[in-house]
A.B. asks: 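Got a structure for you, questions after.
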2 protein chains.
Amino acid sequence: MNMTELQLSSNTAKVSDFLQTISAQPRLEIILTIGANEACVCHLEAFLGQRQAYISQHLMALREAGVLTARREGRFIFYRLADLELLDLIRHAARLAGVSIDSLGVSEQISSPGCECPKCMVDAPALITLV
Amino acid sequence: MNMTELQLSSNTAKVSDFLQTISAQPRLEIILTIGANEACVCHLEAFLGQRQAYISQHLMALREAGVLTARREGRFIFYRLADLELLDLIRHAARLAGVSIDSLGVSEQISSPGCECPKCMVDAPALITLV
DNA sequence: ATAATACATTCAAGATTATGAATATGACAG
DNA sequence: CTGTCATATTCATAATCTTGAATGTATTAT
């Protein structure tokens, strides 16, 4: 009988699990990088400067928590936030954490050096930037 | 150079630290038990059915994160949320986590069996109940 | 069919955190 | 100034999480 099983029994535990899933720093960064757009793994890899397997591991956790949805297009898999209100939650948390949110609008298109997928040449990447 | 020091360098890391501090289940329970009121350790101990040292450890973490403020009154120390908006953040998270928030109003006074401090006989304990 | 690309999964070791036990401190009563 | 109560702190260990390495799978190109 481990902690995870016990936690699933109460609603407080569900909130705890949810928050713990999204709040790990690399996951917050993934969420903020995806923002209101779609992003493929190669884009996240290039943008965050992390290895593919590492990104995939966190994407898997976020997918299992229902935070992300995935869509395959040819060889690429595009991830999107299941609920954009998650961005509001993070803004809310940032405010309480005393962090200044410098840019809240949809940011300009980023060149995404290192990612050659079709979407990376089109989409704007981040909705929130925590500088 | 450990992880904690690295995390302190970016704002994303501050949000991550903040969320991770509050999202551990016993800490969420403490926060929800305190709600909009004050609570002494003995009350939390009785209400949550945990040992004193255990409660104090989590209170210490929450205090260091700036989430709680403490006030001494004689032998008792009363804790209060530093910012009541934290309760809104938790409501927000509960919604995104698909958890039904059954009672959002200030709950009735609870008998707090096991806690004899003066406040426990007066205050209402919880603002949110996640059943 | 083979190779290459994009991504997923597994596994184990290291790092971190959570927890219980023991002990310390600070305030008040006597 | 001694004891007791309320709370804080320290410490060691168990549990968990993170991370990197290696490998697997699905899709497309040749």
Side-chain angles (χ1 to χ4, degrees), chain A residues 1-7 13 16-17 19-30 38-46 48-65 68-79 112 114-120, chain B residues 1-8 13 16-17 19-30 38-65 68-79 112 114-120:
Chain A
M1 175 162 59
N2 66 28
M3 168 78 54
T4 305
E5 286 169 330
L6 277 176
Q7 286 195 351
S16 173
D17 285 346
L19 283 175
Q20 299 211 65
T21 298
I22 66 165
S23 62
Q25 199 191 353
R27 295 186 194 155
L28 272 185
E29 283 173 352
I30 286 173
E38 273 186 334
C40 58
V41 179
C42 60
H43 174 71
L44 296 169
E45 204 178 332
L48 297 175
Q50 302 286 349
R51 299 191 184 176
Q52 175 267 318
Y54 182 75
I55 298 287
S56 270
Q57 282 166 2
H58 290 300
L59 288 173
M60 178 169 46
L62 291 170
R63 219 182 333 126
E64 281 169 359
L68 297 180
T69 60
R71 175 180 75 85
R72 180 182 278 276
E73 183 176 318
R75 276 176 299 180
F76 300 91
I77 296 185
F78 291 98
Y79 284 93
S112 305
C115 184
E116 308 285 319
C117 86
K119 277 281 176 181
C120 279
Chain B
M1 175 161 57
N2 66 28
M3 170 76 56
T4 305
E5 286 168 330
L6 277 178
Q7 285 195 352
L8 290 174
S16 173
D17 285 347
L19 284 175
Q20 299 209 67
T21 299
I22 67 166
S23 62
Q25 199 190 354
R27 295 186 194 156
L28 272 185
E29 284 172 352
I30 286 173
E38 273 186 334
C40 58
V41 179
C42 61
H43 174 70
L44 296 168
E45 203 179 333
F47 191 76
L48 297 174
Q50 303 285 350
R51 299 189 185 177
Q52 176 267 318
Y54 182 75
I55 297 287
S56 271
Q57 282 166 4
H58 289 300
L59 288 173
M60 177 169 44
L62 291 170
R63 219 180 333 125
E64 282 169 358
L68 297 180
T69 59
R71 175 180 73 85
R72 180 182 278 276
E73 182 177 318
R75 275 175 300 180
F76 300 90
I77 296 185
F78 292 98
Y79 283 93
S112 305
C115 183
E116 310 284 320
C117 86
K119 277 281 177 182
C120 280

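Proteins come first, then strands; the chains are lettered A, B, ... in the order of their sequence lines, and each starts at number 1.
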A.B. asks: Just checking A24(A): base, sugar-phosphate only, or nothing, at a heavy-atom cut-off of under 4.0 Å?
C.D. replies: sugar-phosphate
A.B. asks: For the pair made of CD1 in I77(B) and C1' in dA8(D), what is the distance, rounded to whole Å?
C.D. replies: 8 Å
A.B. asks: Does R63(A) have a side-chain nitrogen or oxygen under 4.0 Å from the phosphate oxygens OP1 or OP2 of dT9(C)?
C.D. replies: yes
A.B. asks: Spell out yes or no: do the side chain of E73(A) and the base of dT27(D) have one donor N/O and one acceptor N/O closer than 3.5 Å?
C.D. replies: no
A.B. asks: Under 4.0 Å between a side-chain N or O of Y54(B) and OP1 or OP2 of dG20(C)?
C.D. replies: no
A.B. asks: Calculate the interatomic distance between L68(B) atom CG and dA8(D) atom C1'; express it in whole Å.
C.D. replies: 15 Å
A.B. asks: Between C1' on dC28(C) and CZ on F76(B), what's the gap in Å once rounded to a whole number?
C.D. replies: 11 Å
A.B. asks: Can you find a side chain N or O atom of H58(B) that sits less than 4.0 Å from OP1 or OP2 on dT19(C)?
C.D. replies: yes
A.B. asks: Quick one: does Q50(B) reach the base of dG20(C) with a side-chain donor-acceptor pair under 3.5 Å?
C.D. replies: no
A.B. asks: Check whether any side-chain N or O of S16(A) sits under 3.5 Å from a backbone N or O of S23(B) as a donor-acceptor pair, and report yes or no.
C.D. replies: yes
A.B. asks: Quick one: the side chain of Q52(A) and the base of dA6(C), do they pair up donor-acceptor inside 3.5 Å?
C.D. replies: no
A.B. asks: Compare side-chain N and O positions of R75(A) against OP1 and OP2 of dA3(C) and report whether any pair is under 4.0 Å apart.
C.D. replies: no
A.B. asks: Hey, can you tell me if H43(B) and F47(B) have their rings parallel, tilted or perpendicular (30° and 60° cut-offs)?
C.D. replies: parallel
A.B. asks: Between C1' on dT13(D) and CD on Q57(B), what's the gap in Å once rounded to a whole number?
C.D. replies: 13 Å
A.B. asks: Can you find an N or O donor on one side and an acceptor on the other, under 3.5 Å apart, linking the side chain of Q25(A) with the base of dT18(D)?
C.D. replies: no
A.B. asks: For dC7(C), does either OP1 or OP2 sit under 4.0 Å from a side-chain N or O belonging to R72(A)?
C.D. replies: no
